[in-house]
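Accompanying notes for the structure given below.
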Amino acid sequence: MGGRILVVGFTPDEVEKLQKALPVPVFEVPEYCRDWVVSEVVDRAEGLSGSSYWHLRKFVIMHDVDNETLKGIIGTVKSLDIGRVIFATTTETSLTWRLEDLLNELMAEDEYFKAARWAREEAKKRKGPFLDIGNG
């Protein structure tokens, strides 16, 4: 089957940018697939019709993509300046989930990591004595 990228939450113009810029085929996932198992979405990607622009968040889900290609895809998507994007790769487990459940899990993880980054940045700003243990 080869690598493929599934996108959710992008406008038609953004999808076109992605399709032109990325080295792996990009497929829009329409809203009617939200209750499908992810493996079914991957298998039927080429036959899907409709816009991916039904979700408030943007997702790039990479399937069967090697590590080097994955890094390149993330860098390219970030360089396109199309807003905040949640990146994911399919796993043996995620391929058995409903698409909607996967998107919800990815949003929860994104919020968790965003909060963790914010907490680290706030701690750096404060640099109180509680962080300087052992410095003299």
Minimum heavy-atom separation for [X] and [Y], please, with both atom names.
X   : Y   : value
V26 : Q19 : O-NE2, 3.2 Å
L48 : E28 : CD1-O, 3.8 Å
P30 : S49 : CG-O, 3.3 Å
F27 : A45 : CD2-O, 3.5 Å
I82 : F10 : CD1-CE2, 3.6 Å

Among all residues two or more places apart in sequence or in another chain, which pass the side-chain hydrogen bond (donor to acceptor under 3.5 Å, both in side chains) test with [X]?
X    : value
E105 : none
T91  : S94
R98  : D35, D101
E109 : none

Do the charged groups of E121 and R117 touch, with an N to O distance under 4.0 Å?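 Here E121 does not pair with R117 in a salt bridge, since their nearest N and O are not under 4.0 Å apart.
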Salt bridge present between E31 and R34 (N-O < 4.0 angstrom):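 Yes, charged N to carboxylate O under 4.0 Å.
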Please examine the side chains of [Y] and [X], heavy atoms only from C-beta on, and report whether any two atoms are closer than 4.5 Å.
X    : Y   : result
T90  : V38 : yes
L103 : F59 : yes
K58  : V8  : no

Test log, rule side chain to side chain contact (heavy atoms under 4.5 Å, CB included), inputs V60 and I86: CA-CA 6 Å; V60 169; I86 297 174; over 6 Å; no
Would I61 and L102 satisfy side chain to side chain contact (heavy atoms under 4.5 Å, CB included), going step by step from the backbone distance to the final call? CA-CA 10 Å; I61 303 169; L102 175 61; 4.2 Å; yes
Please step through side chain to side chain contact (heavy atoms under 4.5 Å, CB included) for the pair D110 and R84, ending with a clear verdict. CA-CA 11 Å; D110 184 62; R84 187 167 169 75; 2.9 Å; yes
Results of ring pair (Phe, Tyr, Trp, His ring centres under 6.0 Å) for Y53 - residues two or more places apart only: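 With neighbours one apart ignored, the set is empty.
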With sequence neighbours excluded, residues passing ring pair (Phe, Tyr, Trp, His ring centres under 6.0 Å) with Y32: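 For Y32, the residues satisfying ring pair (Phe, Tyr, Trp, His ring centres under 6.0 Å) (neighbours in sequence not counted) are W36.
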Using a cut-off of 6.0 Å, state whether more than 12 heavy atoms not belonging to E111 lie near its atom CD.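 Yes, CD of E111 has more than 12 neighbouring heavy atoms, counting only those of other groups under 6.0 Å.
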For D66, I'd like to know if atom CG has over 12 heavy atoms of other residues, nucleotides or ligands within 6.0 Å.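 Yes, because the 6.0 Å sphere around CG of D66 holds more than 12 heavy atoms from other groups.
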Take T89 and L70 through the test side chain to side chain contact (heavy atoms under 4.5 Å, CB included) and record every step on the way to the result. CA-CA 9 Å; T89 58; L70 184 138; 3.0 Å; yes
Is the side chain of R4 donor-acceptor paired with the backbone N or O of V42 at a distance under 3.5 Å, no angle test?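 Yes, the answer is positive, given that a donor and an acceptor are paired below the 3.5 Å cut-off.
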In a check of side-chain contact (heavy atoms from CB on, under 4.5 Å) between M62 and each of L6, T69, I74, V24, which one passes?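 Single side-chain contact (heavy atoms from CB on, under 4.5 Å) partner of M62 among L6, T69, I74, V24: I74.
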Applying the 4.5 Å side-chain criterion to the ILVMFWY set and letting contacts propagate, would L18 and V85 be lumped into a single cluster?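 In one cluster: yes.
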Check for me, please, whether L99 and W97 land in the same ILVMFWY cluster - side-chain distances under 4.5 Å, paths through other members count.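 Cluster IDs for L99 and W97 match.
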